[in-house]
**Student:** 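This is the structure I have questions about; it appears just below.
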Amino acid sequence: MIIIYTGNGKGKTSAALGTMLRTAGYLKKTCIIQFIKDGSQYGEHHAVKHFLKDFVDMYQEGIGFYKLPGDRHDESDHRQAAAEALELAEKKMRSGHYELLILDEILTALMVRLISEDQILALIHSLPADLHLILTGRGATQALIDAADLVTEMQEIKHPFQRNEKAVEGIDY
Ligand code: ATP
Ligand code: MG
C-alpha cells in the first residue's frame with residue numbers, strides 16, 4: 001500500500017503514528033524518517049524510546065523549519081539535509097528490515113522545493129512489494145496522488161490555533 005496523508009487540517013502525522021502502532025501490534029517493524037525536523041523530542045519519540053524500540057526505528061532528519069522565523073541555516077544546508085533524508089529512506093527501503101516505512105513531512109519538503117516530485121516518484125517506483133509506504137505533509141501533487149493507493153486529505157474545520165491557543169502536550173506534540 002502506498003498511502004498519502006495530506007491537507008491543511010491536523011492529523012497527518014497522528015494518522016501515520018497510529019498505523020505504526022497497529023503494525024507494531026503484529027510484531028512488525030516500522031521505520032519513520034522525519035523530514036524538516038529539528039531534533040525536538042515529542043511524545044512519539046519518548047513512546048518509541050520507552051515502549052516500542054524493538055519495533056520502531058525513528059530518525060529525525062533535517063535541520064528544522066525552512067525559511068520560517070528562527071531559521072538560521074543557509075538554503076544549501078537545508079537542501080543537503082533533505083538529500084540525506086532521502087538517501088536514508090532509499091537505504092531503509094532496500095534493507096528488507098521493515099513492513100512499514102513512514103516518510104513524515106516529505107510532502108512539506110516537496111512543497112518548499114527541497115526535494116523534487118521526480119525523486120519521490122522514483123522512490124515509489126522502487127518500493128518492494130512487501131513494504132507499505134506512508135507519505136505525509138501538505139503539498140501532495142497530482143502525480144503522487146495518481147501513484148498512491150490511498151489518499152486522505154485532512155480538512156480543517158476548526159482548530160484551537162485559530163483562537164491563538166497553545167499546542168497541547170500529548171495532543172499536538
Ligand atoms: P499532527 O502531528 O498533530 O497529526 P499534522 O501532521 O497534521 O498534525 P503538521 O502540519 O505536521 O500537521 O503540523 C504539526 C503541528 O501543527 C501539530 O502541533 C498540529 O497540532 C499543528 N497543526 C496541524 N494542523 C494545524 C492547523 N490547521 N492550524 C494550526 N496548527 C495546526
Ligand atoms: Mg505532521
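Numbering of ligands and ligand atoms starts at 1, following listing order.
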**Student:** State whether the side chain of K12 and the backbone N or O of G7 hold a donor-acceptor pair below 3.5 Å, judged by distance alone.
**Tutor:** yes

**Student:** For S40 and D38, which I'm curious about, is there any donor-acceptor pair between the side chains at under 3.5 Å?
**Tutor:**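 Result is yes, a qualifying pair exists.
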
**Student:** Does E105 put an N, O or S atom under 2.8 Å from the Mg ion (ligand 2)?
**Tutor:** yes

**Student:** Closer than 2.8 Å to the Mg ion (ligand 2), do we get an N, O or S atom from T136, backbone or side chain?
**Tutor:** no

**Student:** Check whether any side-chain N or O of E99 sits under 3.5 Å from a backbone N or O of K29 as a donor-acceptor pair, and report yes or no.
**Tutor:**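 Here the side-chain-to-backbone pair exists.
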
**Student:** Hey, does V151 have a side-chain heavy atom less than 4.5 Å from the side chain of L144?
**Tutor:** no

**Student:** Using modelled atom types only, decide if a donor and an acceptor are shared between the side chain of R94 and the backbone of P128 within a distance under 3.5 Å.
**Tutor:** no

**Student:** Can you work out which protein residues put a heavy atom within less than 4.0 Å of ligand 1?
**Tutor:** N8, G9, K10, G11, K12, T13, S14, E105, R138, E156, H159, F161, D172

**Student:** Determine whether a donor-acceptor pair (N or O, by modelled atom type, separation under 3.5 Å) exists between the side chain of H132 and the backbone of L100.
**Tutor:**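 No; judged by distance alone, with no hydrogens or angles, the pair does not exist.
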
**Student:** Any chance the side chains of H78 and D71 put a donor and an acceptor closer than 3.5 Å?
**Tutor:** yes

